[in-house]
Amino acid sequence: MKVVFIGAGSMAEAIIAGALKSGALQAESTYVTNRANSARLTELTIQYGIQAGYDVETALKDADAIVLAMKPKDVLSGLEAIRSYINEGSVVISLLAGVGIDFMEQAIGDRCAVIRSMPNTSAAVGKSATAIALNKHVTAEQHQAAIDLFSAIGLAITVEESKMDAVTAISGSGPAYIYYVAEAMQAAGEELGLDHDTAKSLLIQTLLGAADMLSESNGQAVALRKAITSAGGTTEAAIRTFDEHHVKESIAAGVKEAAAQSKQLGEAYKR
Ligand SMILES: NC(=O)C1=CN([C@@H]2O[C@H](COP(=O)(O)OP(=O)(O)OC[C@H]3O[C@@H](n4cnc5c(N)ncnc54)[C@H](OP(=O)(O)O)[C@@H]3O)[C@@H](O)[C@H]2O)C=CC1
Ligand SMILES: O=C(O)[C@@H]1CCC=N1
């Protein structure tokens, strides 16, 4: 499968790394370009053995999929770069937060498959949670190929485009929330006298174990938390303090704010 990434930032790299590792993409048929940072292209070529450069015409010839991987603010320049190479058989996969399918259709013509996706950076280790939404031109075969590509880097599901703001708030930005909690726990552990490496090892294993438990119990977060919380014990003291600081409400407010931001970004990218 020949895939061309327009944009060579962290999300493109996460997908390339995960898809090469899983065998869903091959280095010789994976192309990447960016706006101007040639040092970055060299870095990706050395690290992954993929094809990189600025000859977009050659790269896009016979491409099975074109992946838009620039920031939303650069979407028009990115679409402009590919527009003249698009035909009815093209498949454009967008990773961009907030940018609607109708906006892309208007820029490149309402004539080919457009798949709006929201992966996350855990793609790099094969553990992205990706949702995709399809325009009316996507065939069953193209849909399956997109699911296969994203399944190679984690979970892949199909949603209505109207759900994309919520998806972005939960799973697109989601890893950052977990890292935010990890930063706070690491700092607290060190303040309590653990050395950096000890706190880090215990924290990472705790997150991995909790994620596995959540997965194996099919998402029974409340039950799992209660099983750890002894009356009059340490966990109860921690949760009581979190509740006093309205941590749960703060997290919910943050997630909703992320969805609102995604929606607002989308307002700027409507036709
Ligand atoms: N990071 C994340 O966790 C997630 C990001 N996304 C989405 O992925 C997209 C990319 O994010 P991220 O990887 O973090 O961004 P980065 O800023 O890391 O990378 C953006 C890339 O786009 C390139 N670029 C900009 N304009 C053009 C153009 N006209 N033609 C070709 N390349 C261009 C830049 O090139 P140069 O460096 O030369 O300027 C750069 O390589 C965003 O739209 C974001 O919403 C989605 C899910 C998760
Ligand atoms: O912060 C952002 O806008 C992008 C989209 C989801 C994750 N990162």
Side-chain angles (χ1 to χ4, degrees), residues 1-101 103-119 121 123-124 128 130 132 134-135 137-139 141-143 145-146 148-150 152-153 269:
M1 183 175 188
K2 181 178 178 184
V3 177
V4 183
F5 289 82
I6 312 293
S10 48
M11 198 59 235
E13 182 174 5
I15 293 178
I16 290 167
L20 289 176
K21 210 181 293 172
S22 72
L25 292 182
Q26 281 71 46
E28 58 276 13
S29 52
T30 300
Y31 290 71
V32 65
T33 187
N34 62 10
R35 184 170 33 201
N37 186 350
S38 58
R40 168 70 174 163
L41 294 188
T42 304
E43 183 188 308
L44 291 175
T45 310
I46 292 168
Q47 180 146 7
Y48 300 103
I50 56 175
Q51 318 304 310
Y54 295 100
D55 181 359
V56 178
E57 182 172 2
T58 303
L60 291 182
K61 194 167 171 287
D62 306 328
D64 294 300
I66 305 164
V67 180
L68 300 175
M70 68 288 302
K71 292 286 188 198
K73 70 176 174 54
D74 295 318
V75 63
L76 271 180
S77 67
L79 290 169
E80 187 52 37
I82 64 169
R83 196 167 60 88
S84 53
Y85 308 110
I86 296 288
N87 58 47
E88 278 76 27
S90 300
V91 178
V92 176
I93 300 178
S94 164
L95 310 178
L96 282 57
V99 180
I101 286 174
F103 182 87
M104 292 182 272
E105 287 175 341
Q106 188 182 40
I108 55 174
D110 182 5
R111 60 198 158 125
C112 73
V114 176
I115 298 175
R116 178 176 169 186
S117 74
M118 182 46 57
T121 49
S128 176
T130 305
I132 66 173
L134 318 173
N135 82 343
H137 300 297
V138 178
T139 64
E141 198 179 303
Q142 291 165 337
H143 183 190
D148 289 347
L149 174 64
F150 286 114
I153 52 161
Y269 298 104

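Everything numeric in this text was worked out from a predicted model, so none of it was measured.
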Whether [X] side chain and [Y] backbone form a donor-acceptor pair below 3.5 Å:
X: Ser94; Y: Leu68; value: no
X: Gln51; Y: Val32; value: no
X: Lys71; Y: Leu96; value: no
X: Ser128; Y: Ala124; value: no
X: Asn135; Y: Val114; value: yes
X: Ser90; Y: Cys112; value: no
X: Arg40; Y: Gly9; value: yes
X: His143; Y: Val138; value: no
X: Gln106; Y: Phe103; value: no

How about [X] and [Y]: do any of their side-chain heavy atoms sit closer than 4.5 Å?
X: Ile66; Y: Ile86; answer: yes
X: Leu60; Y: Ile82; answer: yes
X: Val99; Y: Arg116; answer: no
X: Ile6; Y: Val67; answer: no
X: Phe5; Y: Asn34; answer: no
X: Ile15; Y: Phe150; answer: yes
X: Tyr48; Y: Glu13; answer: yes
X: Met118; Y: Leu95; answer: no

Compare every heavy atom of [Y] with every heavy atom of [X], then report the nearest pair and how far apart it is.
X: Ile93; Y: Ala65; result: CD1-CB, 4.0 Å
X: Ile153; Y: Ala19; result: CG2-N, 3.4 Å
X: Ser117; Y: Ile132; result: CB-CG2, 3.8 Å
X: Gly49; Y: Ala27; result: O-CB, 3.4 Å
X: Ile115; Y: Gln142; result: CD1-O, 4.3 Å
X: Met1; Y: Ser29; result: O-OG, 3.3 Å

Inter-residue atom distance [X].[atom1] - [Y].[atom2], 0.5 Å rounding:
X: Ser84; Y: Ile108; atom1: OG; atom2: CD1; result: 11.5 Å
X: Met70; Y: Thr33; atom1: CE; atom2: OG1; result: 9.5 Å
X: Glu43; Y: Gln47; atom1: CD; atom2: CD; result: 7.0 Å

Item to check | Worked verdict on Asp55 versus Tyr31 for side chain to side chain contact (heavy atoms under 4.5 Å, CB included) | outcome: CA-CA 10 Å; Asp55 181 359; Tyr31 290 71; over 6 Å; no
Next on the checklist: For a side chain to side chain contact (heavy atoms under 4.5 Å, CB included) check, start with the C-alpha distance between Ile50 and Leu20, then their side-chain angles and the critical distance, and finish with the verdict.
Outcome noted: CA-CA 9 Å; Ile50 56 175; Leu20 289 176; 3.8 Å; yes
Item to check | Test log, rule salt bridge (charged side-chain N to carboxylate O under 4.0 Å, His left out), inputs Asp74 and Arg35 | outcome: CA-CA 10 Å; Asp74 295 318; Arg35 184 170 33 201; 3.0 Å; yes
Item to check | Criterion side chain to side chain contact (heavy atoms under 4.5 Å, CB included) on Ile101 and Glu105, from CA distance to verdict | outcome: CA-CA 6 Å; Ile101 286 174; Glu105 287 175 341; 3.6 Å; yes
Checklist entry - Under the side chain to side chain contact (heavy atoms under 4.5 Å, CB included) criterion, do Asp64 and Val91 qualify, and how do the steps go? => result CA-CA 7 Å; Asp64 294 300; Val91 178; over 6 Å; no
Checklist entry - Counting only heavy atoms not in Arg111, do more than 12 sit closer than 6.0 Å to its CZ atom? => result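 Counting neighbours around CZ of Arg111, more than 12 heavy atoms of other residues, nucleotides or ligands fall under 6.0 Å, so yes.
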Item to check | Test salt bridge (charged side-chain N to carboxylate O under 4.0 Å, His left out) applied to Glu28 and Lys2, step by step | outcome: CA-CA 9 Å; Glu28 58 276 13; Lys2 181 178 178 184; over 6 Å; no
